[in-house]
Q: 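Here it is, the structure, as structure tokens.
Numbers here simply count residues along the sequence, with the first being 1. Just follow the structure's listing: the first ligand is 1, and inside any ligand the first atom is 1. Atom set for the values below is all heavy atoms of this structure, side chains included, hydrogens, waters and symmetry mates excluded.
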Amino acid sequence: MAKYGFGQFKADVKADIAVDSRRRPKLWFLTIWTSVRFRLLFLYRVARFLSGVKGMKMFLPYLRMRQYRLCGCEVSPRAIIGRGVLLPHPTGIIIGQGVTIEDNVTILQNVTLGHLGSGTEEDAYPVICEGVAIYAGAKIIGNVRVGKGAKVGANAVVLKDVPDSYIAVGIPAQMKAPKA
Ligand SMILES: CC(C)(COP(=O)(O)OP(=O)(O)OC[C@H]1O[C@@H](n2cnc3c(N)ncnc32)[C@H](O)[C@@H]1OP(=O)(O)O)[C@@H](O)C(=O)NCCC(=O)NCCS
């Protein structure tokens with residue numbers, strides 16, 4: 001995994017503040033103070049940064065505990081999360097260690113992104129491409145790719161790839177082409 005340096009950490013945090021500050025550009029300090037979304041992403045980014053610094057891994061359990069106490073979420077420091085991620089109701093969200101989330105993804109409450117738990121080598125983690133929206137309660141599990149601009153419906157369980165712009169709904173999720 002590529003090293004997550006201080007420069008990238010700083011730029012990501014700035015971008016996270018900018019997302020919440022769009023509505024109140026002059027009150028960016030309110031974002032830091034009051035936005036649960038920002039705080040959750042900040043704890044994740046600090047943990048990701050510290051996990052690459054020698055001797056700092058001992059702080060990771062503390063940061064994980066802070067995520068739980070803040071909003072009942074857990075985002076692994078080994079996940080890769082891009083910029084512009086929207087978390088309208090950040091509670092009950094679990095993002096496992098090998099997950100990749102590209103830019104401008106929306107994740108609603110009680111979403112789980114993780115592995116199947118079979119313990120095999122193929123048991124990899126999902127890749128969520130740019131502009132995807134994952135609705136309340138959805139689970140995306142295993143070595144799947146959710147394509148650009150796709151939607152994952154509320155409570156869907158996604159076990160296979162979702163093509164770009166498609167809608168995945170149901171258990172197990174069925175792929176529906178976007179309506180023209
Ligand atoms: C995924 C979602 C956004 C799809 O919206 P859309 O692009 O407008 O798509 P449609 O409503 O046209 O639905 C497409 C098809 O999927 C079905 N479908 C949509 N959402 C579904 C769901 N969550 N579970 C099962 N089937 C679903 C529809 O019945 C429709 O089926 P059909 O093609 O047989 O008629 C939406 O249905 C959804 O799940 N919203 C959840 C919103 C949410 O989480 N709200 C909480 C806010 S706090």
Q: Give a yes or no answer on whether the side chain of Thr91 reaches the backbone of Cys71 with a donor-acceptor pair at less than 3.5 Å.
A: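 At least one qualifying donor-acceptor pair exists.
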Q: Considering the options Thr112, Ile81, Val111, Ile128, which one meets the side chain to side chain contact (heavy atoms under 4.5 Å, CB included) requirement together with Ile95?
A: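 Single side chain to side chain contact (heavy atoms under 4.5 Å, CB included) partner of Ile95 among Thr112, Ile81, Val111, Ile128: Ile81.
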Q: Measure up the Phe6 and Phe9 rings against each other and bin them: parallel (under 30°), tilted (30 to 60°), perpendicular (over 60°).
A: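 It falls in the tilted class, 30° to 60°.
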Q: Can you list the ligand 1 atoms lying under 4.0 Å from a non-hydrogen atom of Ala136?
A: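 Checking each atom against Ala136, I get 44 (O).
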Q: Counting neighbours of OH on Tyr166 that are heavy atoms of other residues, nucleotides or ligands and sit closer than 6.0 Å, is the number greater than 12?
A: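 No.
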Q: Within the structure, does at least one protein heavy atom fall under 4.0 Å of atom 28 (C) of ligand 1?
A: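 Within 4.0 Å: no protein heavy atom nearby.
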Q: Can you list the residues that meet the side-chain contact (heavy atoms from CB on, under 4.5 Å) rule with Leu43, with sequence neighbours excluded?
A: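 For Leu43, the residues satisfying side-chain contact (heavy atoms from CB on, under 4.5 Å) (neighbours in sequence not counted) are Leu63, Arg66, Gln67, Leu70.
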Q: With a 4.0 Å cut-off, strictly under, does atom 37 (O) of ligand 1 pick up any protein heavy atom?
A: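 Not a single protein heavy atom is under 4.0 Å away.
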Q: What's the shortest distance from atom 39 (O) of ligand 1 to any protein heavy atom, and which residue and atom give it?
A: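 Minimum-distance protein heavy atom for atom 39 (O) of ligand 1 reads Ala154 N, 2.9 Å.
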Q: Distance below 4.0 Å between atom 25 (C) of ligand 1 and any protein heavy atom?
A: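 Within 4.0 Å: yes, protein heavy atom nearby.
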Q: With the threshold set strictly below 4.0 angstrom, can you tell me whether any protein non-hydrogen atom sits that near atom 7 (O) of ligand 1?
A: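 Under the 4.0 Å cut-off, atom 7 (O) of ligand 1 does have protein heavy-atom neighbours.
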Q: Using the ring-ring contact (aromatic ring centres under 6.0 Å, His included) rule, collect all pairs that involve residues 96-118, keeping only residues at least two apart or in two chains.
A: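 Residue pairs passing ring-ring contact (aromatic ring centres under 6.0 Å, His included), neighbours aside: His115-Tyr125.
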Q: For atom 5 (O) of ligand 1, find the nearest protein heavy atom and state the residue, atom name and distance (0.1 Å precision).
A: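 Atom 5 (O) of ligand 1 sits closest to the protein heavy atom Lys151 NZ, 4.4 Å.
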Q: Does a side-chain N-to-carboxylate-O contact under 4.0 Å join Asp16 and Arg39?
A: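 Answer for the salt bridge query: no.
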Q: Side chain, backbone, both or neither: which applies to Ile167 and ligand 1 if a contact is any heavy-atom pair less than 4.0 Å apart?
A: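 Only the side chain of Ile167 comes within reach of ligand 1.
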Q: Does any donor atom in the side chain of Arg64 or Tyr68 lie under 3.5 Å from an acceptor atom in the other side chain?
A: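 Side-chain D/A pair, Arg64 to Tyr68: absent.
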Q: Could you pull out the closest heavy-atom pair between Ala156 and Val169, with the gap in Å?
A: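 For Ala156 and Val169, the tightest heavy-atom pair comes out as CB-CA, 4.1 Å.
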Q: Look at atom 15 (C) of ligand 1 and say which protein heavy atom is nearest, naming residue and atom and giving the distance to 0.1 Å.
A: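 Sorting protein heavy atoms by distance from atom 15 (C) of ligand 1 puts Lys176 CD, 3.3 Å first.
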Q: Check contact between Leu108 and ligand 1, using heavy atoms of the residue and a distance below 4.0 angstrom.
A: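 So Leu108 counts as touching ligand 1.
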Q: List the closest protein heavy-atom neighbour of atom 1 (C) of ligand 1: residue, atom name, distance to the nearest 0.1 Å.
A: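 It is Gly153 CA, 3.4 Å.
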Q: Against heavy atoms of His89, which atoms of ligand 1 measure under 4.0 Å?
A: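 So the answer, numbered in order with elements, is 48 (S).
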Q: Counting heavy atoms only, name the option from Val169, Thr106, Ile171 that's nearest to atom 18 (N) of ligand 1.
A: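 Checking each option, the heavy atom nearest atom 18 (N) of ligand 1 is found in Val169.
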Q: Heavy atoms of the protein only: does one fall short of 4.0 Å from atom 11 (O) of ligand 1?
A: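 No, because not a single protein heavy atom sits under 4.0 Å from atom 11 (O) of ligand 1.
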Q: With heavy-atom distances below 4.0 Å as the criterion, list the atoms of ligand 1 near Gln109.
A: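 Every atom of ligand 1 under 4.0 Å from some heavy atom of Gln109: 48 (S).
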Q: Who's the nearest protein heavy-atom neighbour of atom 42 (C) of ligand 1, and how far?
A: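 I find the closest protein heavy atom is Tyr135 CD2, 3.4 Å.
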Q: Would the distance check show the side chain of Glu102 and the main-chain N or O of Glu130 forming a donor-acceptor pair, the cut-off being under 3.5 Å?
A: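 At least one qualifying donor-acceptor pair exists.
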Q: Ignoring hydrogens and angles, tell me if any N or O in the side chain of Lys139 forms a donor-acceptor pair with the backbone of Gly137 under 3.5 Å.
A: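 Present.
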Q: What protein heavy atom is closest to atom 13 (O) of ligand 1, reported as residue, atom name and distance in Å?
A: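 Going atom by atom, the protein heavy atom closest to atom 13 (O) of ligand 1 ends up being Lys179 NZ, 4.3 Å.
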